[in-house]
Amino acid sequence: MRSPRDFFKPLALGAPQPLADIPVRPSRMIHFFDPSNPKMAEKAPSIASRVDILLGNMEDAVAIDNKEAAREGFIRIARENDFGDTQLWTRINSLDSPWFLDDIHRIVTEVGDKIDVIMLPKIQGAWDIHYADQLLAQLEARAGIQRPILLHCILETALGVANVESIANASPRIQGMSLGPADLAASRRMKTTRIGGGHPGYLVRDDPDADNPEAPRTAHQQDLWHYTIGRMVDACVSVGALPFYGPFGAIDDPTGCEDQFRNAFLMGCVGAWSLHPSQIDIAKTVFSPPADEVLWAKRVLEALPDGSGAVMVDGKMQDDASWKQCKVMVDLAKLIADSDPALKKAYGF
Ligand SMILES: CC(=O)SCCNC(=O)CCNC(=O)[C@H](O)C(C)(C)COP(=O)(O)OP(=O)(O)OC[C@H]1O[C@@H](n2cnc3c(N)ncnc32)[C@H](O)[C@@H]1OP(=O)(O)O
Ligand SMILES: O=CC(=O)O
Ligand SMILES: [Mg+2]
């Protein structure tokens with residue numbers, strides 16, 4: 001284990017000092033695009049104006065023959081554009097792939113000052129982060145980068161889930177994590193072929209009616225991802241990092257997508273991936289707190305001005321703990337209102 005005194009020292013001579021706190025910015029959706037796809041590449045600037053995070057993907061969903069074109073396309077797009085407040089991220093290929101070294105080397109040394117976060121797929125344990133952390137420091141030093149590039153891990157192997165807390169604690173660069181339900185299902189040998197979301201077979205059924213045992217019994221579909229999201233949220237939040245739901249592959253099921261995103265929002269996630277332009281507004285709606293909840297939370301904060309004691313608001317007891325719950329809601333609303341005039345008005349700021 002590293003000495004706590006060294007944790008915030010750069011891992012290479014000339015690399016920027018690690019950040020003490022992870023910047024919290026609106027992060028409702030990480031929009032994926034394939035920079036080797038000419039149509040998607042051309043749309044990058046217009047999509048960037050609609051999303052909180054734009055991510056150039058190099059890994060899965062980019063055909064092997066297009067890996068180099070994706071890297072070149074991303075470097076060109078990053079170099080030629082200034083996306084303003086929209087964060088620019090990339091998902092590079094996994095550490096054990098033939099593309100990882102060129103991905104990280106080329107991107108960091110050529111456009112490292114334009115990117116906020118590198119997403120690392122298939123992270124298994126702290127050792128993966130230690131390797132990427134030091135390599136990144138060396139590349140940052142070589143490129144003269146002033147602001148440290150942060151790392152975002154995808155939680156998508158059984159071993160990665162088993163090690164989630166040590167991954168979160170492995171480096172001050174850990175910006176956050178996303179659930180990767182497709183690779184994770186394969187790694188665990190789960191018997192679902194869906195990318196995220198529920199499954200009609202994963203259910204709990206009401207007991208038989210004692211007076212009518214043959215009567216049909218209602219079944220309630222359960223959330224296959226609840227356990228993993230819970231672990232990911234606790235691991236991230238305990239180190240000041242941000243948890244995200246990952247992909248929802250059924251582009252043709254916006255209702256299912258909204259439900260899955262909302263479960264993640266309610267459990268503490270700050271955003272989710274959008275794979276198709278139609279999922280951007282779903283994420284925007286779900287991960288912006290509802291106006292009625294924000295107005296209620298503001299009333300609770302006003303009723304307990306110093307955040308202590310106990311009062312009744314509309315028949316409900318409020319105290320220090322519920323004050324904190326309400327502050328979470330209001331703080332997020334303020335963050336989002338700063339860049340969204342319509343929500344600012346709805347929230348009454
Ligand atoms: C398990 C995981 O790893 S998930 C993460 C990896 N996966 C991805 O990144 C997938 C990203 N998304 C995609 O590749 C595509 O959206 C697909 C393959 C799912 C669907 O693509 P299409 O069949 O072209 O969708 P569709 O016909 O509805 O597209 C409509 C338009 O939106 C564009 N579009 C589609 N997806 C995107 C996107 N992610 N970003 C920007 N534009 C997009 C298309 O180019 C098309 O443009 P056009 O109207 O000028 O022709
Ligand atoms: O990369 C994402 C996944 O679900 O796998
Ligand atoms: Mg994956």
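Counting starts at 1 for both ligands and their atoms, following the listed order.
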Would you mind listing the cluster partners of Leu13? Hydrophobic ones only (ILVMFWY), side-chain contacts under 4.5 Å, chaining allowed.
none
NZ/NE/NH1/NH2 to OD/OE distance under 4.0 Å, Arg173 and Glu140
yes
Any side-chain donor paired with an acceptor under 3.5 Å for Trp89 and Gln87?
yes
Ala337 versus Phe349, closest heavy-atom pair with distance
CB-CD1, 3.8 Å
Over 60° means perpendicular and under 30° means parallel, so tell me whether Phe248 and Phe261 are parallel, tilted or perpendicular.
perpendicular
I'd like the residue list for ligand 1, meaning every protein residue with a non-hydrogen atom under 4.0 Å from the ligand.
His31, Phe32, Phe33, Lys39, Met40, Lys43, Ile47, Asn57, Asp60, Ala61, Arg91, Ala182, Pro247, Trp273, Leu275, His276, Pro277
Do the charged groups of Asp96 and Lys122 touch, with an N to O distance under 4.0 Å?
no
Tell me the protein N, O or S atoms under 2.8 Å from the Mg ion (ligand 3), in chain and number order.
Glu156 OE1, Asp183 OD2
Any donor-acceptor N or O pair under 3.5 Å, side chains Asp206, His220
yes
Between His152 and Phe244, is the ring centroid distance below 6.0 Å?
yes
Polar pairs, ligand 2 vs protein, N/O only, below 3.5 Å.
from	atom 1	to	atom 2	distance (Å)
ligand 2	1 (O)	Arg91	NH1	3.1
ligand 2	1 (O)	Glu156	OE1	3.0
ligand 2	4 (O)	Pro181	N	3.1
ligand 2	4 (O)	Ala182	N	2.8
ligand 2	5 (O)	Glu156	OE1	2.9
ligand 2	5 (O)	Asp183	N	2.8
ligand 2	5 (O)	Asp183	OD2	3.0

Is a side-chain donor or acceptor of Lys114 paired with a backbone partner of Asn81 at a separation under 3.5 angstrom?
yes
Examine distances only and state if a side-chain atom of Trp99 and a backbone atom of Lys67 form a donor-acceptor pair shorter than 3.5 Å.
no
Exam field: side chain Asp133 to backbone Ile129, donor-acceptor pair closer than 3.5 Å:
no
Could you tell me how the ring of Phe100 sits relative to the ring of Tyr131: parallel (under 30°), tilted (30 to 60°) or perpendicular (over 60°)?
tilted
Below 4.0 angstrom, N of the basic side chain to O of the carboxylate: do Asp314 and Arg299 qualify?
yes
